[in-house]
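Worksheet for the structure shown next.
Basis for what follows: all heavy atoms, side chains included, without hydrogens, waters or symmetry-related copies. Every value quoted in this text rests on a predicted model; they were computed, and no experiment measured them. Just so you know, residue 1 is the first one in the sequence shown, and it goes up from there.
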Amino acid sequence: MDIEHFMSAYKAAWEARDERAFAALFTADGEYQNTPFAVQRGHAQLAEYWQRVKLQDDIHLSYE
């Protein structure tokens with residue numbers, strides 16, 4: 001997957017607040033480091049972390 005496809009899918013997952021779409025961007029043992037001190041590993045932890053996104057409203061993600 002190239003970076004443009006990843007970022008487009010990441011944007012769609014975030015704006016839709018879709019934890020499954022977010023987790024699907026990673027391999028089964030993939031990691032997401034949201035801070036220097038917290039790392040989520042694997043689809044279950046990624047989806048659990050992403051539940052926080054559901055607390056946000058009016059999400060608009062942009063990137064260059």
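Remark: the backbone N or O of Asp29 is not paired with any side-chain donor or acceptor of His43 at under 3.5 angstrom.
Closest non-hydrogen pair, Leu61 versus Glu15, comes out as N-OE2, 2.8 Å. Nearest heavy-atom pair across Leu46 and Gly30 is CD1-O, 4.2 Å.
Hydrophobic clustering (side-chain heavy atoms under 4.5 Å, transitive across Ile, Leu, Val, Met, Phe, Trp, Tyr) keeps Trp50 apart from Val39. Note on Met1 and Met7: same hydrophobic cluster, where clusters join Ile, Leu, Val, Met, Phe, Trp and Tyr whose side-chain heavy atoms are under 4.5 Å apart, directly or indirectly.
Within the 4.5 Å cutoff, the side chain of Arg41 has no heavy atoms near those of the Phe26 side chain.
Environment of CD in Glu48: sparse, with no more than 12 heavy atoms of neighbouring residues, nucleotides or ligands closer than 6.0 Å.
Remark: the Trp14 side chain and the Gln56 side chain contain an N/O donor-acceptor pair separated by less than 3.5 Å.
Aromatic ring centres of Phe22 and Tyr32 lie closer together than 6.0 Å.
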Check against side-chain contact (heavy atoms from CB on, under 4.5 Å), His5 and Leu25: CA-CA 10 Å; His5 181 254; Leu25 294 170; 5.8 Å; no
